[in-house]
Amino acid sequence: MKAKLLDLSFDELVEKLTAVGLKKYQAESVFVWLNKGYAFEEMTDIAKGQRELLKEFIDIPVSIAQRFVSRDGTQKFLFGLTDGEFVEGVLMKYKYGYTLCVSTQIGCNMGCVFCASHLEGKKRDLSSGEILGQVICVNRMLGGDTQDRKITNVVLMGMGEPLDNFDNVLSFLYNVNHPKGLNIAMRNISLSTCGIAPKIYELMQRKLQINLTVSLHEAFQDKRERIMPVAKAYDIESLIKACRDYFQATGRRVIFEYTLIKGVNDAQADADELARLLKGFPAHINLIKLNPVKETGLKGTTDKEAKMFADMLAAKNMSVTVRRQMGVDIEGACGQLRRKATSLR
């Protein structure tokens, strides 16, 4: 199987390519070209004979197979991989620029009952280059390159559990931040986890300045176990302690995602318990109205009910917002991503 050059760090890539016959400056140039999203044959400063030496490698391991545009301007991409598999990602435009939501696994094994990504299980992890490739090809589609980057922010909130693919995700973070590459600041990257507490500690030790987002979705242990099986392995109290320790070690505020499911976790008692859990912790709660996934049979709250829940938390001096729904009509909103955009074909 051919090696994916985007899986390698800058130093590893230079070492690999000089070993097959390229000059050091040419190997460095290949790294830049790849981060711009260019295939080997498009690298104009690499002689044709030397481009032949690159054929034993894969250049860009991700392509845009399909693109869907929402009424609100959100774009969803079906990314094709070199082994014939697919993942999805979502591009959102804000006042400050473009944010791309990327996937880290093909499918997901976490089993959250309200999410479409787990319906077919996890096929495999994505390599670091396949995660990076999603950013690179969308950035090029927008007309950007390494000097004039169009994507300002990246969120690892697509398909899969990032901390279940720890090594590849960590490699991606370092590579997407490299100054000769896309050079996206760590502070502009958010990583979302359903709560694998030991991996939060492992991430904490790296002291990266990324934003940690925790998919909490329920404040009571027994109820959380029913909607998020991961809670059976890592209970809420242990998870919250890991998040508090993460904040103390990094100084980065933790954001808790809380999907409001009608009749499941949207009562006053749920708000009271959530406030108790996070008391004295400078965290932020991001409320999400459940987005429809027909297979689950679950329903989200109304706008009015979401505001009422937010008001319950605000009354207890919690920092809270209700997330604006984006891309629902193209099944590109939180919890709607799948291995294939079958329902839209």
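Values reported hereafter were calculated over all heavy atoms of this structure, with side chains retained and with hydrogens, waters and symmetry mates removed.
- For the residue pair V113 and R226, the shortest heavy atom distance occurs at CG1-O, 3.6 Å.
- The CD atom of E218 lies 11.0 Å from the CD atom of E225; values are rounded to the nearest 0.5 Å.
- For the pair F79/V138, a side-chain contact is recorded, criterion being any heavy-atom separation below 4.5 Å from C-beta on.
- Proximity of L34 to L13: side-chain heavy atoms (C-beta onward) are separated by under 4.5 Å at one or more points.
- Counting only distance, with no hydrogens or angles, the side chain of D125 and the backbone of N165 share no donor-acceptor pair below 3.5 Å.
- Looking only at distances, no side-chain donor or acceptor of S103 sits under 3.5 Å from a matching main-chain atom of Q105.
- Looking only at side-chain heavy atoms (C-beta outward), L5 and F40 come within less than 4.5 Å of each other.
- A 4.5 Å side-chain heavy-atom check between F309 and N265 finds every atom pair outside the cut-off.
- Considering all non-hydrogen atoms of both residues, A283 and S319 come closest at O-CB, 3.7 Å.
- With respect to the salt-bridge test (charged N to carboxylate O, under 4.0 angstrom), the residues R124 and E130 qualify.
- A distance of 11.5 Å separates CG in L290 from NZ in K299, rounded to the nearest 0.5 Å.
- Counting only heavy atoms from C-beta outward, the side chains of S9 and Y174 never approach each other to under 4.5 Å.
- Under 3.5 Å, the side chains of D72 and S70 contain a donor-acceptor pair of N or O atoms.
- One finds the OH atom of Y258 at 8.0 Å from the CG atom of L313 (value rounded to the nearest 0.5 Å).
- Under a 4.0 Å N-O distance rule, the pair K180/E28 does not qualify as a salt bridge.
- For the atom pair H217 NE2 and E257 CD, the distance stands at 7.0 Å (nearest 0.5 Å).
- Between the side chain of R149 and the backbone N or O of L182, at least one donor-acceptor pair lies under 3.5 Å.
- In terms of hydrophobic clustering, with Ile, Leu, Val, Met, Phe, Trp and Tyr side chains grouped at heavy-atom distances under 4.5 Å, V155 and I255 are assigned to different clusters.
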Between S29 and D45, is a side chain to side chain donor-acceptor pair (under 3.5 Å) present by the stated rule, with each step listed? CA-CA 8 Å; S29 180; D45 62 349; 2.8 Å; yes
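- Looking only at atom types and distance, the side chain of T250 has no donor-acceptor partner in the side chain of Q209 under 3.5 Å away.
- Taking CG from L170 and CG from L208, the interatomic distance works out to 6.0 Å, rounded to the nearest 0.5 Å.
- With respect to K241 and D245, a salt bridge is recorded, a charged nitrogen being found less than 4.0 Å from a carboxylate O.
- Taking all atoms of both residues into account, the shortest heavy-atom contact from I236 to F220 is CD1-C, 3.7 Å.
- Using a distance-only test at 3.5 Å, with no hydrogens or angles considered, a donor-acceptor pair links the side chain of N168 to the main chain of L126.
- Between M318 and L278 the shortest heavy-atom distance is CE-CB, 3.5 Å.
- T301 and D266 form no side-chain donor-acceptor contact under 3.5 Å, judged by distance and modelled atom types alone.
- When all heavy atoms of G21 and Q50 are compared, the closest pair comes out as O-NE2, 4.2 Å.
- Between Q75 and R67 the shortest heavy-atom distance is OE1-NH1, 2.7 Å.
- Among R187, R253, R252, the one residue that satisfies the side chain to side chain donor-acceptor pair (under 3.5 Å) test with N211 is R252.
- Annotation: the span from L132 atom CG to D7 atom CG amounts to 9.0 Å, rounded to 0.5 Å.
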